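Since the structure is predicted, the reported quantities are computational estimates derived from the model, not experimental observations.
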Amino acid sequence: MGSEAALPKWASEPCIMGIDEAGRGPVLGPMVYGCLYCARSYQKTLSTLEFADSKTLKEEKREELFENLKADESIGWDVDIIDPRELSAKMLKKDKINLNEISHESAIGLITKALNKGILLTEVFLDTVGDAEKYRVKLSERFPAIKFVVAKKADSLYPVVSGASIVAKVTRDRSVKEWVLDETAENIDRNFGSGYPGDPGTKAWLKHNKHPVFGFPTLVRFSWGTCTPYIKECVEVLWESDEMDEDSNCGKQQQKLSKYGVTTSKRKSEETESSGKGRCKFFQARKLEQLTHF
């Protein structure tokens with residue numbers, strides 16, 4: 001997904017990029033990082049395209065602006081869609097990866113991808129994740145040829161970040177609407193509300209759609225604290241791990257399945273379970289696929 005056309009002529013000119021995310025807080029669905037880039041000489045025109053912080057715009061306006069920027073040959077864009085299972089798997093690994101680190105790596109990935117395409121990035125604007133100065137230094141050390149501007153509410157301050165905000169928000173909204181639930185054996189309704197932890201509709205959906213053994217549908221970020229009360233209500237299942245930890249003798253160690261709110265998945269194992277040193281700490285969905293389908 002993203003700009004797939006041949007490298008535009010303006011890509012060899014000094015270019016700017018904006019990066020922003022959508023869906024950091026919800027307990028449902030993916031987190032999406034989006035970027036927008038263009039030649040620095042196009043910056044003034046960019047400020048006339050009505051881009052704004054996506055949270056301040058109605059859905060219809062966001063959709064309209066997204067289609068406009070996709071059709072604009074002077075603009076490039078891309079997204080990184082981070083699956084809810086991947087988020088939870090990383091956050092539950094033995095060597096935990098927190099949400100800020102995941103966010104940083106996503107932004108770094110988008111920058112790297114643009115550079116590999118041949119885009120001459122000279123300046124990148126981002127909304128801060130964690131300490132703004134530490135984040136700027138981290139990025140500058142990784143990409144010394146690029147000037148980084150990291151600021152709070154960057155999506156309200158810089159049109160190039162506002163555009164990235166629209167890319168991320170529209171992509172996430174569409175992803176949630178079009179989400180294909182793997183759990184086909186149950187009649188799971190899609191009335192899950194906004195997906196935010198405080199939404200009564202979302203809480204009701206989580207309570208109604210948890211499985212006493214297999215936990216939540218794959219749409220759910222089961223590592224979120226919102227899920228904890230419902231996981232405690234699940235049955236306790238003991239199983240033996242057949243994976244040997246590289247640093248400890250945890251092979252054949254009994255694990256309590258009730259700790260985890262994960263369901264079976266047809267995705268590759270690296271997307272649904274921790275790898276390497278963390279394997280003994282994380283529920284392996286493949287084992288359950290051998291037993292039943294939720």
Side-chain angles (χ1 to χ4, degrees), residues 1-24 29-43 46 51 54 65-67 69-87 89-90 97 99-130 135-150 154-155 158-175 267-268 270-271 275:
M1 190 175 291
S3 303
E4 301 296 342
L7 193 68
K9 292 181 179 179
W10 52 262
S12 59
E13 302 176 26
C15 294
I16 63 171
M17 173 185 277
I19 299 176
D20 200 23
E21 56 79 24
R24 180 181 171 87
M31 179 169 72
V32 177
Y33 259 76
C35 72
L36 183 144
Y37 50 90
C38 64
R40 186 185 294 172
S41 58
Y42 194 69
Q43 197 166 3
L46 197 68
F51 294 154
S54 63
L65 290 172
F66 186 47
E67 294 303 320
L69 71 85
K70 285 167 59 180
D72 192 329
E73 295 183 355
S74 296
I75 292 174
W77 62 279
D78 208 342
V79 292
D80 180 23
I81 302 174
I82 309 171
D83 189 277
R85 289 162 291 186
E86 180 182 350
L87 290 171
K90 287 182 175 179
I97 304 174
L99 200 57
N100 282 2
E101 293 176 279
I102 295 171
S103 298
H104 290 178
E105 288 306 309
S106 182
I108 287 169
L110 288 172
I111 295 167
T112 301
K113 189 174 180 180
L115 292 173
N116 289 342
K117 282 183 177 180
I119 308 297
L120 180 58
L121 289 180
T122 58
E123 195 166 11
V124 176
F125 300 80
L126 308 94
D127 202 0
T128 188
V129 177
Y135 190 18
R136 186 195 65 78
V137 170
K138 178 179 182 178
L139 292 168
S140 296
E141 289 176 348
R142 183 71 173 264
F143 306 101
I146 299 175
K147 176 186 176 182
F148 288 94
V149 178
V150 182
D155 48 5
Y158 306 105
V160 70
V161 183
S162 301
S165 174
I166 291 166
V167 169
K169 177 64 174 170
V170 173
T171 301
R172 174 179 150 81
D173 287 350
R174 290 180 179 181
S175 178
R267 298 290 182 91
K268 293 180 180 179
E270 61 265 26
E271 293 181 343
S275 59

S.K.: Would you call I16 and V124 a side-chain contact if the rule is heavy atoms closer than 4.5 Å?
M.R.: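 Heavy-atom side-chain distance check fails, nothing below 4.5 Å.
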S.K.: Report yes if the side chains of L121 and I111 come closer than 4.5 Å at any heavy-atom pair, otherwise no.
M.R.: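 Sidechains of I111 and L121: in contact.
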S.K.: Using only atom types and a distance under 3.5 Å, with no angle test, would you say the side chain of S165 pairs donor to acceptor with the backbone of D155?
M.R.: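 No; judged by distance alone, with no hydrogens or angles, the pair does not exist.
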S.K.: Do I82 and S106 make a side-chain contact, defined as non-hydrogen atoms from C-beta onward lying under 4.5 Å apart?
M.R.: yes
S.K.: Quick one: does any side-chain atom of E21 pair with a main-chain N or O of R24 as donor and acceptor, under 3.5 Å?
M.R.: yes
S.K.: Donor-acceptor pair, R40 side chain versus E13 backbone, under 3.5 Å?
M.R.: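 No; judged by distance alone, with no hydrogens or angles, the pair does not exist.
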S.K.: So with a 6.0 Å cut-off around NZ of K147, is the heavy-atom count from everything else above 12?
M.R.: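 Atom NZ in K147 is not crowded, with 12 or fewer foreign heavy atoms closer than 6.0 Å.
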S.K.: With a 4.5 Å limit on heavy-atom distance, are the side chains of Q43 and C38 in contact?
M.R.: no
S.K.: Determine yes or no for a side-chain-to-main-chain donor-acceptor pair under 3.5 angstrom, with S162 supplying the side chain and Y158 the backbone.
M.R.: yes
S.K.: Is a side-chain donor or acceptor of H104 paired with a backbone partner of V129 at a separation under 3.5 angstrom?
M.R.: yes
S.K.: Would you call L36 and I75 a side-chain contact if the rule is heavy atoms closer than 4.5 Å?
M.R.: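 The answer is yes, as the side chains (C-beta and beyond) meet within the 4.5 Å cut-off.
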S.K.: Give a yes or no answer on whether the side chain of W10 reaches the backbone of C15 with a donor-acceptor pair at less than 3.5 Å.
M.R.: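 No.
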S.K.: Do Y33 and D78 have a side chain donor and acceptor closer than 3.5 Å?
M.R.: no
S.K.: Under the ring pair (Phe, Tyr, Trp, His ring centres under 6.0 Å) test, which residues partner F51, sequence neighbours left out?
M.R.: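 Residues passing ring pair (Phe, Tyr, Trp, His ring centres under 6.0 Å) with F51: none at all.
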S.K.: Check whether any side-chain heavy atom of L115 sits under 4.5 Å from a side-chain heavy atom of I146, and report yes or no.
M.R.: yes
S.K.: Just do the salt bridge (charged side-chain N to carboxylate O under 4.0 Å, His left out) check on E67 and K70 with the steps written out, would you?
M.R.: CA-CA 5 Å; E67 294 303 320; K70 285 167 59 180; 3.4 Å; yes
S.K.: Are the side chains of D127 and V150 in touch, meaning some heavy atoms are under 4.5 Å apart?
M.R.: no
